[in-house]
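Small disclaimer: the values here were computed from a predicted structure and weren't measured. Just so it is clear: chains get the letters A, B, ... in the order the sequence lines come, proteins before strands, and each one is counted from 1. Any value given below was found using the heavy atoms of this structure, including those in side chains, with hydrogens, waters and symmetry copies removed.
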There are 2 protein chains.
Amino acid sequence: MNRTGSRSSGRPTLTEVALQAGVSPITASRALRGVASVAPELVTRVQEAAARLGYVTNPAARALASAQGHSVVVLVPSLSNHLFIEPLEAIHEVLRPRGLEVLIGNYHYDPVEEEKLIRNYLAYQPRGLLLTGFDRTDAARQLLAASGVPRVHMMELDPAGSVPSVGFSQHAAGAAAARHLLAAGRKCLGYVAAQLDPRALARGEGFREVLRAAGCYDPSLDVLDPQPSSVGLGARQFRKLLARRPEVDGLFFCNDDLAQGALFEAQRLGIAIPQRISVLGFNDLPGSAHTVPRLTSIQTPRAAVGRQAATLLLGLLDGRSQPTCVDLGFELVSRESV
Amino acid sequence: MNRTGSRSSGRPTLTEVALQAGVSPITASRALRGVASVAPELVTRVQEAAARLGYVTNPAARALASAQGHSVVVLVPSLSNHLFIEPLEAIHEVLRPRGLEVLIGNYHYDPVEEEKLIRNYLAYQPRGLLLTGFDRTDAARQLLAASGVPRVHMMELDPAGSVPSVGFSQHAAGAAAARHLLAAGRKCLGYVAAQLDPRALARGEGFREVLRAAGCYDPSLDVLDPQPSSVGLGARQFRKLLARRPEVDGLFFCNDDLAQGALFEAQRLGIAIPQRISVLGFNDLPGSAHTVPRLTSIQTPRAAVGRQAATLLLGLLDGRSQPTCVDLGFELVSRESV
DNA sequence: CTGAAAGCGCTTACAG
DNA sequence: CTGAAAGCGCTTACAG
């Protein structure tokens with residue numbers, strides 16, 4: 001048989017399972033895949049044979065024969081800031097039970113790296129794609145369109161509404177932040193952002209718009225730093241901003257780690273939060289509920305985004321659902337720092 | 001040609017590249033893979049043809065034909081506690097340039113889930129495996145041994161020294177923690193651990209051993225909680241322990257997030273750190289350098305573990321290196337909390 | 001240094 | 001409901 005040549009993998013094949021079960025390989029294949037048309041008795045016979053031999057489908061052979069991978073590719077801009085871990089876990093939970101492998105690509109906030117990942121992963125003929133936001137190279141856009149692979153975008157809402165997306169309005173979140181600070185009686189407000197991805201920028205837009213409408217927008221109070229977000233950076237930016245503009249009385253941080261750093265630094269500087277300055281975070285990261293003072297933040301539906309995006313993709317694959325735009329909203333969690 | 005049938009993937013194939021370049025598919029294959037024996041002129045011709053057509057190798061076909069995947073599987077117990085992100089990134093950096101795909105499996109600290117992942121991923125015929133620690137089911141052990149796939153274990157050192165491993169001695173780290181606290185003049189010491197994976201347990205052993213030798217080990221001062229590690233849990237455990245044993249004067253936490261929680265809670269309780277209680281963390285997570293007071297912690301070589309493990313695996317694949325045990329050590333970072 | 005033949009382990013039409 | 005034939009797109013020996 002085939003097993004003689006050194007090219008065989010050594011693992012049991014479908015043909016061997018079929019032999020044991022006394023059926024043809026095609027029937028064995030159908031039985032294992034749960035194709036309806038197989039006699040129940042044969043199904044159990046095949047399943048037993050497979051179990052006995054410890055048979056596991058060779059994914060390469062399956063993908064080659066069916067011209068379809070059994071994977072869904074998820075592309076995220078980062079793994080290190082914890083933000084994308086929760087969607088990732090939720091995606092796994094939805095997709096794994098359906099027999100779909102989840103391939104994770106991290107492009108480190110670099111559109112060129114994302115384009116490479118898209119090119120590479122498309123070779124795997126994935127069933128679907130889960131992407132972050134809408135900001136990518138033209139080449140990447142073309143690759144995606146040409147591939148025809150169903151996809152859902154996460155974290156941002158499609159402005160046009162034509163591409164399936166699951167997330168919330170970053171702009172509205174920024175606006176809500178400004179309104180909350182204004183409602184707390186603060187007047188001299190700044191936005192402190194790092195990384196400066198499209199979402200942080202959109203929140204800044206929303207924030208500014210409200211301030212402008214309230215007649216208290218001061219561009220010199222904004223701090224936009226392209227460096228990765230971190231506790232240390234938050235502390236540094238807080239100190240610098242305060243030295244420069246001691247009259248500031250409210251700060252919106254684009255991520256909780258920055259805000260936590262500001263809280264630490266304020267304590268070192270002897271600046272009372274929120275008495276002298278209100279501090280508002282974003283994302284409500286683990287730990288923010290326990291800082292001193294407890295951080296007021298905007299909770300984002302990260303796990304829900306992953307879950308819904310995966311579910312929507314599944315619907316698209318089955319032809320059950322239409323491309324839609326799912327707005328999951330956000331929630332301001334009021335604690336002690338504003 | 002083949003392209004007529006609906007079974008084709010629609011993407012350009014090696015054969016088409018070969019046609020364009022005026023060579024046989026085999027030569028095209030060799031040229032693209034960088035097999036030495038191809039005439040330089042043909043190599044460039046093939047590469048140009050491939051570029052022109054936008055050819056990307058079909059990984060399924062390649063894996064099937066070569067009875068070898070081009071992936072390395074990395075299995076980690078968690079993604080959410082940030083600990084395993086750095087090794088993962090480092091592994092990517094080493095393996096991707098070599099054309100190896102990195103498949104990530106997260107088993108959520110569940111050996112049964114790890115066993116399933118091993119079974120599944122082995123079907124991909126990975127070139128190598130990167131595993132976390134040595135604690136797994138017997139079935140998993142057998143699968144690994146039977147597969148013959150080269151592997152390197154991370155984070156712990158192989159006690160026997162026969163299996164390749166890269167990490168540091170968890171036991172020694174625990175002992176170092178105890179010595180540091182003792183050297184600071186503390187006598188009433190406890191170990192606060194969560195998750196209770198084998199590594200946290202090993203650190204506890206090392207910690208206890210030193211205390212015992214110093215004649216001040218008190219088992220009732222240890223807090224071992226199987227829940228996931230978090231800032232909130234650290235705060236809770238700190239408060240409870242303090243209510244129960246107000247005389248405690250030094251605490252070693254199995255992870256920095258717990259220690260950070262304790263710092264917050266101490267502040268709320270008005271307990272001076274380190275004057276009344278020394279707090280020692282573990283892992284030196286981002287943020288720990290900025291807490292109030294700044295957290296003294298034990299820095300672990302997480303990125304280096306990933307980098308070295310991947311490098312060692314590469315050596316194993318090339319037959320360049322022998323299985324060895326690489327001890328990367330750890331470093332106590334003295335700040336303000338002890 | 002290059003190539004014709006065969007095969008990797010599945011699944012897709014096509015029959016019956 | 002079941003199966004024989006062909007094919008997915010590569011690479012492995014084997015020649016020359």
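- The interatomic distance linking A:Arg11 (CZ) with C:dC8 (P) rounds to 14 Å, in whole Å.
- Rounded to an integer number of Å, the gap from CG of B:Leu64 to C1' of D:dG9 is 9 Å.
- Considering only side-chain atoms of B:Ala65, the nucleotide from C:dC10, D:dC1, C:dC8 that sits closest is C:dC8.
- Under the 3.5 Å distance criterion, the side-chain polar atoms of A:Arg141 are matched with a main-chain donor or acceptor of A:Phe134.
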Discussion item. Please evaluate residues B:Asn106 and A:Glu89 with respect to the criterion side-chain hydrogen bond (donor to acceptor under 3.5 Å, both in side chains), reporting the C-alpha separation (whole Å), side-chain torsions for both, the decisive distance (0.1 Å), and the verdict.
Written reply: CA-CA 9 Å; B:Asn106 172 5; A:Glu89 293 280 331; 2.5 Å; yes

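- For DNA chain D, each stem of at least three Watson-Crick or G-U pairs (distances under 3.5 Å) is given as range with range: C:1-3 with D:14-16, C:5-12 with D:5-12, C:14-16 with D:1-3.
- Here the nucleotide nearest the side chain of A:Ser66, chosen from D:dG9, C:dG9, C:dT11, is C:dT11.
- Distance from the side chain of A:Ala39 is smallest to D:dC1 among D:dC1, D:dC10, D:dG7.
- In plain terms, the two heavy atoms of A:Ala50 and A:Leu32 that are nearest each other are CB-CD1, 4.3 Å.
- The interatomic distance linking B:Gln125 (CD) with D:dT11 (P) rounds to 14 Å, in whole Å.
- Ranking D:dC10, C:dG9, C:dT2 by closeness to the B:Val38 side chain, first place goes to C:dT2.
- For B:Tyr124 and C:dG9, the shortest distance from a side-chain N or O to OP1 or OP2 is not below 4.0 Å.
- Taking 4.5 Å as the limit, some side-chain heavy atom of A:Pro150 sits within range of a side-chain heavy atom of A:Leu317.
- Within residues 24-35 of chain A, the residues that have a heavy atom under 4.0 Å from DNA chain D are, in order of number, A:Ser24, A:Ile26, A:Thr27, A:Arg30.
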Worksheet entry | From CA spacing to verdict: side-chain contact (heavy atoms from CB on, under 4.5 Å), A:Ser321, A:Leu312 | CA-CA 7 Å; A:Ser321 38; A:Leu312 180 53; 4.1 Å; yes

Worksheet item: Step by step, would you call A:Val305 with A:Leu328 a side-chain contact (heavy atoms from CB on, under 4.5 Å)?
Response: CA-CA 7 Å; A:Val305 166; A:Leu328 260 22; 3.9 Å; yes

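- Distance, B:Leu14 CG to D:dT11 P: 6 Å, rounded to whole Å.
- Residue pairs satisfying the side-chain hydrogen bond (donor to acceptor under 3.5 Å, both in side chains) criterion with at least one member in residues 20-31 of chain A, sequence neighbours excluded, are listed as follows: A:Gln20-A:Arg52, A:Ser24-A:Thr27, A:Ser29-A:Arg33.
- For the pair B:Leu19 CG and C:dG3 C1', the interatomic distance rounds to 15 Å; values are reported in whole Å.
- Between B:Arg199 and B:Glu156 a salt bridge is recorded (basic side-chain N to carboxylate O distance below 4.0 Å).
- For A:Tyr55, taking side-chain heavy atoms from C-beta onward, the closest of the listed nucleotides C:dC10, C:dC8, D:dC10 is C:dC10.
- Atoms CZ (A:Arg62) and P (C:dC10) sit 10 Å apart, rounded to a whole Å.
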